[in-house]
Number of protein chains: 2
Amino acid sequence: MSRVLVVDDDVQLLRALRITLRAAGHEVVTAPDGTTALREAAAAHPDVVVLDLGLPDLDGTEVLAGLRPWFTGPVLVLSARADSRDKVDALDAGADDYVTKPFDMDELLARLRAVVRRRPDTPGEPVVVTEHFTVDLAARQVTVDGVPVRLTPTEWALLSELVRASGRLVGQRQLLQSVWGPAYETETNYLRVYLAQLRRKLEPDPAHPRYLHTEPGMGYRFTP
Amino acid sequence: MSRVLVVDDDVQLLRALRITLRAAGHEVVTAPDGTTALREAAAAHPDVVVLDLGLPDLDGTEVLAGLRPWFTGPVLVLSARADSRDKVDALDAGADDYVTKPFDMDELLARLRAVVRRRPDTPGEPVVVTEHFTVDLAARQVTVDGVPVRLTPTEWALLSELVRASGRLVGQRQLLQSVWGPAYETETNYLRVYLAQLRRKLEPDPAHPRYLHTEPGMGYRFTP
DNA sequence: AGGCGTCTTGACGGGTCCTTGACGCCCGCC
DNA sequence: GGCGGGCGTCAAGGACCCGTCAAGACGCCT
């Protein structure tokens with residue numbers, strides 16, 4: 001699911017966290033102290049850091065300060081100290097959440113989920129660019145030679161389905177099902193009509209498609 | 001700094017929160033129960049919601065569920081229940097943080113800062129300028145050719161939703177949900193009526209919109 | 001209570017989009 | 001060489017959606 005760097009000097013807890021996080025589908029990297037934590041963070045490029053404040057070498061806030069200038073992902077702080085002053089300091093130092101030991105494992109996982117959830121920071125590239133046109137999935141806009149082109153809802157549904165599978169072949173049954181619904185699996189007519197419309201709007205030479213290819217008997221393929 | 005919607009039925013606490021948040025530089029909107037909370041959230045467009053789970057009318061998780069489909073900002077949950085099961089449920093329902101009562105006010109503020117920090121929702125300029133009119137999201141003001149224009153609350157909610165998504169297409173369902181609430185998803189009539197009003201007030205030639213474009217069957221798009 | 005502005009609701013005309021059928025072409029197969 | 005299936009193209013009908021207008025309902029302020 002995502003790569004987690006766990007920083008803690010308690011070997012017992014580290015073991016437990018590693019097992020639990022693995023079971024939850026995460027990739028786990030561990031560090032027993034602050035210096036290795038900083039090194040591992042730079043080397044392993046984790047998506048999220050779970051950081052204990054009580055470390056043998058460095059103070060936890062120092063680790064946080066060393067992390068924050070370049071690490072943009074969420075940091076979840078663990079600490080035995082329940083004083084709200086400590087919480088405020090850690091949160092203002094850049095922590096995204098603060099959990100006091102002892103903690104419930106399910107709660108930690110939930111907080112981890114919450115903190116990771118709002119981080120689709122690099123959700124791949126939501127815009128596909130070719131030599132002749134661009135498709136912006138997020139903005140729902142297509143431009144050909146820089147000028148916006150209007151697509152009808154069906155045209156858009158079909159195109160986005162193909163673009164999302166960029167390079168891969170999409171079976172006609174799958175296309176029909178996802179655009180028109182399960183009851184239209186056999187209406188291959190629709191595909192021919194709408195593929196033609198898309199080609200007319202997007203392809204430089206609609207008669208000889210360069211991007212929207214037909215695989216006879218199987219389906220269609222968008223090649224960037 | 002940012003607009004906070006505080007939902008709590010405890011008048012005492014509400015007062016305290018309002019004062020503290022104001023002092024911290026926030027704009028505060030309050031709601032004493034779930035239904036007004038949902039209405040206020042749609043009307044006031046808060047940047048962040050502080051939500052007590054113990055409400056007189058609706059269950060807090062219901063409010064959360066009503067909020068989440070369209071409200072993208074952070075939600076900080078307050079609760080008297082410290083059971084980690086409740087925390088997990090709330091966090092997985094879309095809450096960004098969970099604070100148990102009684103809580104330290106400084107800690108709440110710090111958690112609020114942490115949770116807001118993550119949201120570069122309207123990065124930089126909260127004012128959109130076109131050749132014919134300007135929209136100031138923060139000041140809630142629209143000027144056409146330099147003269148201020150009065151917008152009704154609904155008109156403003158609709159316009160700000162479109163302007164916030166500047167360039168991106170906003171589905172009619174999403175618009176209806178965020179302006180009128182989840183129960184109005186099918187009332188596409190409203191969109192037609194209010195889009196016409198906005199065009200009449202903003203567009204140089206309302207019959208041929210230059211900024212507020214219609215994408216038939218899908219939604220509307222504001223293009224600067 | 002009255003008046004005003006705002007929101008809701010309904011109806012209508014015009015335009016767009018989806019559906020559907022027919023036709024010709026190309027290819028592989030008999 | 002003839003044949004059939006799959007594909008591309010075109011056009012027309014009808015359903016759906018949008019813009020527009022106006023009247024009624026509602027809440028708020030005076």
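The analysis underlying the following values was restricted to heavy atoms, covering all of them including side chains, and did not include hydrogens, waters or symmetry mates. Here is the naming used below: chain letters follow the sequence lines, and residue numbers restart at 1 for every chain.
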Q) Within the distance-only criterion (no hydrogens, no angle test), does the side chain of B:Thr130 pair as donor or acceptor with the backbone N or O of B:Phe133 below 3.5 angstrom? A)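 Looks like yes, one N/O pair under 3.5 Å.
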Q. Between B:Asp33 and B:Thr36, is there a donor-acceptor pair closer than 3.5 Å when you use the side chain of the first and the backbone of the second?
A. yes
Distance check needed: [N] [atom2] versus [X] [atom1], whole Å only.
{"X": "B:Asn189", "N": "C:dA11", "atom1": "CG", "atom2": "P", "result": "11 Å"}
{"X": "B:Tyr190", "N": "C:dT8", "atom1": "OH", "atom2": "P", "result": "5 Å"}
{"X": "B:Arg200", "N": "D:dC18", "atom1": "CZ", "atom2": "P", "result": "18 Å"}
{"X": "A:Tyr194", "N": "D:dG8", "atom1": "OH", "atom2": "P", "result": "16 Å"}
{"X": "B:Leu198", "N": "C:dC7", "atom1": "CG", "atom2": "C1'", "result": "14 Å"}
{"X": "A:Leu195", "N": "D:dC7", "atom1": "CG", "atom2": "P", "result": "10 Å"}
{"X": "B:Glu187", "N": "D:dC17", "atom1": "CD", "atom2": "P", "result": "14 Å"}
{"X": "A:Arg199", "N": "D:dT9", "atom1": "CZ", "atom2": "C1'", "result": "12 Å"}

Q | Donor + acceptor pair across side chains of B:Thr100, B:Ser79 (<3.5 Å) | A | no
(Q) Counting only heavy atoms and a strict 4.0 angstrom limit, can you tell me which residues of residues 148-158 of chain A come near DNA chain D? (A)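 Here the set is empty: none.
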**Q.** Of residues 203-224 of chain B, the positions that come close to DNA chain D - non-hydrogen atoms, cut-off under 4.0 Å
**A.** B:Thr214, B:Gly217, B:Tyr220
Q) Centroid-to-centroid, A:Trp180 to A:Tyr194, below 6.0 Å? A) yes
Over all heavy atoms of both residues, which pair between [X] and [Y] is shortest? Give the atoms and the distance, please.
{"X": "A:Thr134", "Y": "A:Thr143", "value": "OG1-OG1, 2.6 Å"}
{"X": "A:Ala90", "Y": "A:Leu64", "value": "O-CD2, 3.6 Å"}
{"X": "B:Asp52", "Y": "B:Leu55", "value": "O-CG, 3.4 Å"}

(Q) If you assign each of B:Tyr184 and B:Arg192 to its closest nucleotide in DNA chain C, which residue comes earlier from the 5' end? (A) B:Tyr184
Q | Closest listed nucleotide, where the reference is the side chain of A:Gln172 and the choices are D:dG8, D:dC7, D:dG19 | A | D:dC7
Q: Could you tell me the separation between the CG atom of A:Leu51 and the CG atom of A:Leu5, rounded to the nearest 0.5 Å?
A: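 Spacing of CG (A:Leu51) from CG (A:Leu5) equals 8.5 Å.
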Q.
If the cut-off is 4.0 Å, is A:Trp180 near the phosphate of C:dC18, judged by side-chain N/O to OP1 or OP2?
A. no
Scan the side chains in residues 205-224 of chain B for donor-acceptor partners under 3.5 Å anywhere in the protein, sequence neighbours excluded, and list what turns up.
residue  : atom : partner  : partner atom : Å
B:Asp205 : OD1  : B:Ala207 : N            : 3.3
B:Asp205 : OD2  : B:His208 : ND1          : 2.9
B:Arg210 : NH2  : B:Glu131 : OE1          : 2.7
B:Tyr211 : OH   : B:His132 : ND1          : 2.7
B:His213 : NE2  : B:Arg210 : O            : 2.9
B:His213 : NE2  : B:Thr223 : OG1          : 3.3
B:Thr214 : OG1  : B:Arg199 : NH2          : 2.7
B:Glu215 : OE2  : B:Arg221 : NE           : 3.2
B:Glu215 : OE2  : B:Arg221 : NH2          : 3.2
B:Arg221 : NH1  : A:Ala139 : O            : 3.0
B:Arg221 : NH1  : B:Gly167 : O            : 2.8
B:Arg221 : NH2  : A:Arg140 : O            : 2.8

